[in-house]
Amino acid sequence: MRETWTFHTATQLLFGRNALRQLGAIAGRLGARRVLLVTDPILTRAGLAERVRTPLAECGITVSLFDGGEPEPSLRAADACIAAGRQFQPDALIGLGGGSNMDLAKITATVLAHGGGPRDYVGDDKLPGPIAPLICIPTTAGTGSEVSAASVLTDTDNHIKIGILSNYLRPRVALVDPLLTVSCPPKVTADCGIDALTHAIEAYTAVDNATFPLPAGERTVYQGRHPLGDVLAEKAIHLIGINLRRAVAHGDDLEAREGMALGATLAGMAFSNVGVAAVHALEYPVGGATHCSHGAGNGLLLPFVMRFNLPARRREMATIGRLLGADEDAEQAIAAVERLRADIGIPQRLRDLGVTEAQLRPFAEKAFGIQRILRVNPRPVTVKDLEGILRAAY
Ligand SMILES: NC(=O)c1ccc[n+]([C@@H]2O[C@H](COP(=O)([O-])OP(=O)(O)OC[C@H]3O[C@@H](n4cnc5c(N)ncnc54)[C@H](O)[C@@H]3O)[C@@H](O)[C@H]2O)c1
Ligand SMILES: [Zn+2]
């Protein structure tokens with residue numbers, strides 16, 4: 001039985017339209033004279049890297065651009081970014097992009113501070129101390145990586161995602177400027193948005209902090225459900241429910257973009273302390289095999305896991321129904337998520353992703369191996385349970 005809980009986030013959060021204009025002053029306060037800007041070719045071409053460089057240059061800060069980022073970044077991309085960092089010797093880093101580029105900047109800031117390579121830090125709580133000063137600027141809404149304790153990479157040789165989790169990975173500054181998300185295409189907007197909703201719902205329905213089943217001797221940044229996580233998740237669910245359809249249908253709807261940016265960051269603050277659960281565990285093998293985006297996989301699986309968890313979280317699910325604009329009723333919550341998912345074009349069934357029935361059992365077995373997140377689930381899950389969820393989603 002646990003008696004305490006805690007809360008970590010980025011040291012500073014700056015939120016709002018044109019927040020980017022304050023970047024030079026913020027970097028200056030971190031003592032930065034040389035900044036490594038980590039991004040990808042799409043964002044360079046879209047002019048976002050230049051928009052970030054300008055306020056830095058105006059403050060006399062030297063910027064080196066690394067734009068070798070890629071979606072779901074590989075260990076190879078991490079090695080390339082680290083090599084660029086070792087050569088340039090920055091005194092601060094900026095991660096500009098979706099979760100992929102921010103996570104690349106996080107692992108680079110880790111290795112620049114502590115040496116070794118990315119694999120040395122894989123797992124829970126393996127960092128020995130603070131990383132190099134890091135500012136994260138999300139361009140999607142989103143993973144919440146700008147406030148989170150995670151960096152997710154892909155081991156392309158073994159077709160698996162690898163997670164590095166440590167409170168030291170939380171950026172010094174999360175600069176969230178919703179205007180940077182306006183150029184997100186509809187599919188990216190939909191996938192990232194439903195990922196954020198998944199973060200909020202998994203945190204809101206997680207196992208209680210008091211009964212969080214952490215085996216003796218194991219350490220984790222996740223703690224199960226606590227009151228501050230609940231407050232953040234409730235607000236996030238409401239904001240995403242109101243704004244996600246609008247942001248997908250009309251990318252230039254600034255009010256919707258702003259609501260999504262806030263919702264995603266709040267969801268990040270919630271899940272990165274409370275934890276994510278069975279949806280994310282099941283998405284790892286599904287995403288690994290089908291190469292669907294993290295968000296699309298989560299969005300597909302979310303209502304099926306909600307149904308499985310319903311007996312343990314009826315009251316919370318009813319509140320989710322109300323927060324999503326439906327009746328205060330658990331069944332209505334699931335129906336509301338299904339409607340939202342359909343309206344924004346998320347695949348409805350695993351077979352739509354090309355999954356075959358023969359893959360379901362191996363997926364369940366792989367997901368069962370990810371105990372560090374499965375233990376956050378409000379209902380204990382067996383391999384058979386996971387297979388049942390996948391069959392329902394098939
Ligand atoms: N660190 C965490 O806490 C955390 C949490 C959830 C997911 N993740 C990881 O984050 C990654 C997914 O991140 P994501 O969903 O933000 O997508 P992403 O970073 O992979 O970006 C998807 C694509 O959208 C493009 N893009 C991003 N912003 C754009 C913009 N404003 N305009 C035009 N194009 C834009 C990118 O260039 C990229 O090609 C996965 O690897 C996932 O595992 C990390
Ligand atoms: Zn996620």
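Both ligands and their constituent atoms are indexed starting at 1 by order of listing.
Here Asp230 pairs with Arg225 in a salt bridge; the nearest charged N to carboxylate O distance falls below 4.0 Å. The pair Arg339-Asp343 does not count as a salt bridge, with every side-chain nitrogen at least 4.0 angstrom from each carboxylate oxygen. Ion pairing of Arg21 with Asp177 is absent here, as no side-chain N (NZ or NE/NH1/NH2) approaches a carboxylate O to less than 4.0 Å. With salt bridges taken as basic N to acidic carboxylate O contacts below 4.0 Å, none links Arg119 and Asp79. Under 4.0 Å is where a charged nitrogen must lie from a carboxylate oxygen, and between Glu50 and Arg53 at least one such pair does.
Looking at atom 23 (C) of ligand 1, its nearest protein heavy atom turns out to be Val188 CG2, 4.2 Å. The protein heavy atom nearest to atom 18 (P) of ligand 1 is Ser100 OG, 3.4 Å. The closest protein non-hydrogen atom to atom 33 (C) of ligand 1 is Ser183 O, 3.4 Å. With respect to atom 38 (C) of ligand 1, the closest heavy atom belonging to the protein is Pro71 CG, 4.1 Å. The nearest protein atom to atom 9 (C) of ligand 1, hydrogens excluded, is given as Asp103 OD2, 3.8 Å; this is a heavy-atom distance. Considering only non-hydrogen protein atoms, atom 13 (O) of ligand 1 sits nearest to Gly99 N, 3.2 Å. For atom 37 (O) of ligand 1, the closest non-hydrogen atom of the protein is Asp40 OD2, 2.8 Å. Nearest non-hydrogen protein atom to atom 28 (N) of ligand 1 is Thr139 OG1, 2.7 Å.
The residue from Pro185, Ala46, Gly142 that puts a heavy atom closest to atom 34 (N) of ligand 1 is Pro185.
Residues Ala330 and Arg314 share a closest heavy-atom pair of CB-O, 3.8 Å. Between Pro347 and Ala296 the shortest heavy-atom distance is CD-CB, 4.3 Å. Heavy-atom minimum distance, Pro178 versus Arg17: CD-N, 3.7 Å.
Residue-level check: among N/O/S atoms of Asp195, OD1 sits closest to the Zn ion (ligand 2).
Looking at Leu43 against ligand 1, only its side chain comes within 4.0 Å, counting heavy atoms. Neither the backbone nor the side chain of Met102 has a heavy atom within less than 4.0 Å of ligand 1. At a heavy-atom distance under 4.0 Å, atoms from both the backbone and the side chain of Thr143 approach ligand 1. Here Glu70 has no heavy atoms under 4.0 Å from ligand 1, in either its backbone or its side chain. Using a 4.0 Å cut-off between heavy atoms, Glu72 contacts ligand 1 through both its backbone and its side chain. Under 4.0 angstrom from ligand 1, the non-hydrogen atoms of Asp195 all belong to its side chain. The proximity of Ile42 to ligand 1, defined as any non-hydrogen pair under 4.0 Å, is limited to the side chain. Heavy atoms of Phe271 found under 4.0 angstrom from ligand 1 belong exclusively to the side chain. Only the side chain of Ser148 comes within contact range of ligand 1, with a heavy atom under 4.0 Å; no backbone atom does.
No donor-acceptor pair under 3.5 Å is formed between the side chain of Ser64 and the backbone N or O of Leu36.
Ligand 1 is approached by Lys161 to a heavy-atom distance shorter than 4.0 Å. At least one heavy atom of Cys192 sits under 4.0 Å from some atom of ligand 1. Note on ligand 1: Gly97 sits outside its first shell, no heavy atom being nearer than 4.0 Å.
Ring orientation note: the planes of Tyr121 and His114 are tilted relative to one another, at an angle of 30° to 60°.
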### Task
Apply side-chain contact (heavy atoms from CB on, under 4.5 Å) to the pair Leu179 and Leu20, showing each step before the final yes or no.
CA-CA 9 Å; Leu179 297 181; Leu20 193 56; over 6 Å; no
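Of all the atoms in ligand 1, the ones that sit under 4.0 Å from a non-hydrogen atom of Thr140 are 16 (O), 27 (C), 28 (N). Using a 4.0 Å cut-off to heavy atoms of Val152, the atoms of ligand 1 that qualify are 43 (O), 44 (C). Each of the following atoms of ligand 1 lies closer than 4.0 Å to a heavy atom of Leu180: 31 (N). Remark: ligand 1 atoms within the under-4.0 Å shell around heavy atoms of Gly98 are 16 (O), 19 (O).
For ligand 1, none of its N or O atoms has an N or O atom of Thr181 under 3.5 Å away.
A side chain to side chain donor-acceptor pair (under 3.5 Å) with Lys106 is found for one member of Ser148, Ser151, Ser166 and no other, namely Ser148.
To the nearest 0.5 Å, atom CD of residue Glu146 and atom OG1 of residue Thr139 are 10.0 Å apart. With values rounded to the nearest 0.5 angstrom, Cys136 atom SG is found 9.5 Å from Leu169 atom CG.
Here the Zn ion (ligand 2) is the vertex; the NE2 atom in His280 and the NE2 atom in His294 give an angle of 100° (to 10°).
A heavy-atom distance below 4.5 Å is found between the side chains of Ile137 and Leu23.
For the 3.5 Å distance criterion, the side chains of Asn298 and His280 qualify, holding a donor opposite an acceptor.
When distances from atom 25 (C) of ligand 1 to the protein are checked, no heavy atom turns up under 4.0 Å.
The cluster map of Ile, Leu, Val, Met, Phe, Trp and Tyr, joined by side-chain heavy atoms under 4.5 Å apart, puts Leu112 and Phe66 in the same cluster.
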